[in-house]
Amino acid sequence: MSGSYDDSVGVEVSSDSFWEVGNYKRTVKRIDDGYRLCSDLMNCIHERARIEKGYAQQLTEWAKRWKQLVEKGPQYGTVEKAWHAFMSEAEKVSELHLEVKGALMNEDFEKIKNWQKDSFHKQMIGGFKETKEAEDGFRKAQKPWAKKLKEVEAAKKAYHAACKEEKLAVSRETNSKADPALNPEQLKKLQDKVDKSKQDVLKTKEKYEKSLKDLDNTTPQYMENMEQVFEQCQQFEEKRLRFFREVLLEVQKHLDLSTVASYKNIYRELEQNIKVADAIEDLRWFRANHGPGMSMNWPQFEDWSADLNRTLSRREKKKASDGVTLTGINQTGDQVSQQKNSSVSSYEKSYGAEWSDEETNNPFSSNDAQGETNPFDEEASPTTEVRVRALYDYEGQEHDELSFKTGEELTKIEDEDEQGWCKGRLDNGQVGLYPANYVEPIQ
C-alpha cells in the first residue's frame with residue numbers, strides 16, 4: 001500500500017479506534033487476507049481429496065489380497081460367501097470414495113479457484129485492484145479531517161507551550177520580589193513578561209478552541225465518508241463469507257456418504273449376504289464332499305488280468321485329467337463315482353488323497369507299466385529348484401505341510417499344482433507343501 005497518514009500528517013496514533021488516522025489499514029488488509037483464505041481453502045480441499053484417493057486405493061488393495069487368501073484358505077460354503085461379501089463392500093466403497101475425490105477436485109476446488117480469479121484482480125505494479133480502491137477511498141475520506149486534526153494538534157502544542165511560559169514568568173516575578181538586589185526597572189521587565197505570557201495564553205487558547213471547533217464541524221462528514229468506504233469493504237467481504245459458506249455446504253454434501261442411496265445399499269446387501277450364511281448347510285456340504293457322504297468304490301473280488309499289473313500312484317489318482325479307466329469294480333446301491341473340484345486348497349489337499357491298495361495285483365494300474373514300475377513311487381516331475389522367500393507367516397495345518405515365518409528362505413522343489421500348492425524344502429531338510437502365494441522368488 002502507498003503512504004499512510006501516520007507519516008504524512010505526523011500525528012501519533014493514540015488509540016486502537018477505527019477513527020484514528022491510518023487505522024483503516026486493517027479493513028484494507030482484510031481484502032488481501034480474503035485472497036489468501038481462498039488459496040488456503042483450496043489447499044485444504046486438495047489434501048482431503050488426496051486422502052480420499054489414498055483410502056480408496058488401500059481398500060481396493062486390501063480387498064484383492066484378502067479375496068485371494070480366502071479363496072485359497074480352508075473356509076468353505078455359505079460362510080465363505082459371507083466373508084467374500086466384505087471384500088465386495090470394500091470395492092464398492094472404494095469406488096464411492098473415488099467419486100468423492102473427483103467431486104472435491106472437479107467441482108469444489110475449481111469453483112473456489114474461479115471465484116478467486118473473478119473477485120481479485122492483480123495489478124501490474126503488484127497488489128490487487130480491490131485493495132488499492134479501498135485504500136484510496138479511505139485516504140480521500142480521511143484527508144480533510146486529518147488536515148484539521150493536524151491543525152488542532154499544532155494549536156494544542158502552542159497553547160501548552162504558552163501556559164508553560166506563563167507559569168515560568170510568574171515564578172520568576174515572585175522570586176524577584178524577595179531579591180533586594182534587583183532595581184525597579186528589572187522588576188518592571190519581569191512584570192511585563194508576565195503580562196505578555198498571559199496574553200499569549202489567551203491567544204493560543206482561543207486558536208486552540210477554534211481549531212477544535214473546526215475539527216468538530218468536519219467530523220460528521222468525515223464519519224459519513226469513512227462509513228461509506230467501510231460499507232463497500234463490508235459488502236465485498238460479505239460476498240466472500242457467503243461464498244465460503246456455500247462451498248463448505250457443498251463439500252459437506254460430497255463427503256456425507258450417508259445420504260447416498262448406493263452407499264446404504266452396500267451395507268444392506270452386506271447384511272443380507274452375512275445373514276444368508278447357514279452353518280447347517282455348510283456342514284451338510286462338507287459331509288457330502290469330504291465326509292461320510294462321499295461315494296466309495298468298495299473293494300470286491302476281481303479276477304486276475306494281465307493288463308492290470310501296476311498300481312496307480314497317489315499323484316495319478318489325484319489328477320482328474322489322467323484319464324484312468326477303472327475296470328472290474330462294481331458300485332453298490334446308488335453310489336456314483338464323481339470327481340469334484342474345490343476352491344478350498346487345504347481341505348482338498350487333506351481329504352482329496354484316495355486310499356491305495358498295497359497288493360501287487362491292484363486293479364488301479366495302467367497299460368504301460370509292464371510290471372517294471374514300483375507302484376508305491378510317485379512320478380518325479382523334472383522341476384528346477386528355486387530359492388524363495390516367505391511373504392507372510394504360515395503355520396502348517398497338516399503333517400505334510402511346512403511352517404515358516406515372514407522373510408524366511410526355503411527351496412521350491414516342485415511347481416504349483418492346480419490347487420495352488422507347491423512342494424518345498426526348508427533349510428533344515430524338512431520337505432512339505434505350502435501355499436504358492438505365500439512366497440516370492442528371490443531375485
Side-chain angles (χ1 to χ4, degrees), residues 1-41 115-164 200-248:
M1 292 181 291
S2 61
S4 69
Y5 283 107
D6 299 72
D7 300 326
S8 62
V9 179
V11 179
E12 181 181 357
V13 176
S14 58
S15 73
D16 197 40
S17 171
F18 166 77
W19 302 107
E20 294 288 345
V21 176
N23 278 3
Y24 61 80
K25 289 182 179 180
R26 290 173 299 188
T27 305
V28 175
K29 182 178 180 296
R30 189 174 59 173
I31 299 176
D32 295 333
D33 291 341
Y35 181 88
R36 181 177 61 83
L37 288 170
C38 288
S39 299
D40 289 344
L41 184 55
W115 189 89
Q116 183 190 47
K117 182 179 179 181
D118 294 338
S119 301
F120 298 89
H121 302 85
K122 293 185 177 180
Q123 299 183 114
M124 295 295 293
I125 58 175
F128 299 104
K129 175 183 176 183
E130 291 72 23
T131 303
K132 187 176 185 306
E133 289 177 350
E135 183 180 2
D136 290 345
F138 279 121
R139 293 179 75 249
K140 183 178 180 181
Q142 199 170 68
K143 185 175 181 179
W145 190 84
K147 184 178 180 181
K148 295 292 183 180
L149 179 63
K150 183 178 179 182
E151 295 175 357
V152 168
E153 291 296 328
K156 182 178 73 172
K157 186 176 181 181
Y159 169 67
H160 289 175
C163 291
K164 182 179 179 182
D200 290 341
V201 168
L202 293 175
K203 290 180 181 179
T204 54
K205 182 180 181 181
E206 182 181 355
K207 187 176 181 180
Y208 181 29
E209 290 174 343
K210 183 178 183 301
S211 62
L212 275 175
K213 186 177 181 180
D214 291 342
L215 181 66
D216 290 340
N217 293 334
T218 310
T219 299
Q221 185 64 45
Y222 163 65
M223 295 179 67
E224 181 181 347
N225 295 340
M226 291 289 284
E227 281 274 6
Q228 184 177 357
V229 180
F230 182 79
E231 278 304 315
Q232 293 175 356
C233 294
Q234 287 286 82
Q235 292 174 8
F236 184 82
E237 178 67 3
E238 182 183 6
K239 291 180 181 178
R240 185 191 69 83
L241 293 174
R242 291 186 180 277
F243 173 74
F244 269 41
R245 181 180 183 276
E246 176 186 345
V247 170
L248 291 174

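Ring geometry for Phe243 against Trp115 counts as parallel: the plane angle stays under 30°, on a 0 to 90° scale with 60° as the upper cut. Using a 30° and 60° split on the angle between ring planes, Trp19 and Tyr222 fall in the perpendicular class, above 60°.
Looking at heavy atoms from C-beta onward, Trp145 lies out of side-chain contact with Lys150 at the 4.5 angstrom threshold. Counting heavy atoms from C-beta on, the side chains of Arg30 and Cys233 come closer than 4.5 Å. Using a 4.5 Å heavy-atom threshold, the side chains of Glu130 and Phe236 count as touching. Between Asp32 and Arg36, the closest side-chain pair of non-hydrogen atoms is not below 4.5 Å. Residues Phe120 and Ile31 form a side-chain contact, since some pair of their non-hydrogen atoms from C-beta on lies under 4.5 Å apart. Contact of the Ser39 side chain with the Gln116 side chain is registered, since non-hydrogen atoms from C-beta on lie closer than 4.5 Å.
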Task: salt bridge (Lys or Arg N to Asp or Glu O under 4.0 Å) assessment of Glu238 paired with Arg242 - done: CA-CA 6 Å; Glu238 182 183 6; Arg242 291 186 180 277; 3.0 Å; yes

Open item on the list: With salt bridge (Lys or Arg N to Asp or Glu O under 4.0 Å) as the criterion, how do Asp33 and Lys29 come out once you've worked through the C-alpha distance, each side chain's angles and the decisive distance to 0.1 Å?
Closed with: CA-CA 6 Å; Asp33 291 341; Lys29 182 178 180 296; 3.1 Å; yes

Open item on the list: Under the criterion side chain to side chain contact (heavy atoms under 4.5 Å, CB included), I'd like the reasoning laid out for Leu149 against Glu153: C-alpha separation, chi angles, the key distance, then a yes or no.
Closed with: CA-CA 6 Å; Leu149 179 63; Glu153 291 296 328; 4.2 Å; yes

TODO: Run the numbers on Phe128 and Lys122 for side chain to side chain contact (heavy atoms under 4.5 Å, CB included), then give the verdict.
DONE: CA-CA 4 Å; Phe128 299 104; Lys122 293 185 177 180; 3.5 Å; yes

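Proximity of a side-chain donor or acceptor of Glu135 to a complementary backbone N or O of Lys25 within less than 3.5 Å is not detected. Within the 3.5 Å criterion, the main-chain N or O of Gly126 finds a donor-acceptor partner in the side chain of Gln123. Checked by atom type and distance alone, the side chain of Thr218 pairs as donor or acceptor with a backbone atom of Asp214 at under 3.5 Å. Using modelled atom types, no side-chain atom of Gln232 and backbone atom of Ala134 make a donor-acceptor pair closer than 3.5 Å. Within the 3.5 Å criterion, the main-chain N or O of Ser17 finds a donor-acceptor partner in the side chain of Asn23.
For Phe18 and Tyr24, the gap between ring centers reaches or exceeds 6.0 Å.
From His121, atom NE2 reaches atom CD of Glu133 across 9.5 Å, with rounding to the nearest 0.5 Å. Here CD1 of Ile125 is found 6.5 Å from NZ of Lys132. Values are rounded to the nearest 0.5 Å. Once rounded to the nearest 0.5 Å, the distance linking CZ of Phe138 with CD of Gln228 reads 10.5 Å. Here the CD atom belonging to Gln142 is positioned 15.0 Å from the NZ atom belonging to Lys147, to the nearest 0.5 angstrom. The line from NZ of Lys239 to CD of Gln234 is 13.5 Å long, rounded to the nearest 0.5 Å.
Ionic pairing of Arg26 and Asp16 is present here: one or more N-O contacts between side-chain nitrogen and carboxylate oxygen are shorter than 4.0 angstrom. Salt bridge annotation for Lys140-Asp136: absent, with no cationic side-chain nitrogen under 4.0 angstrom from a carboxylate oxygen.
Among all heavy-atom pairs drawn from Val152 and Ser211, the shortest one is CG2-O, 3.2 Å.
Under a cutoff of 6.0 Å and an axis angle of 45°, Arg240 and Phe244 form a cation-pi pair.
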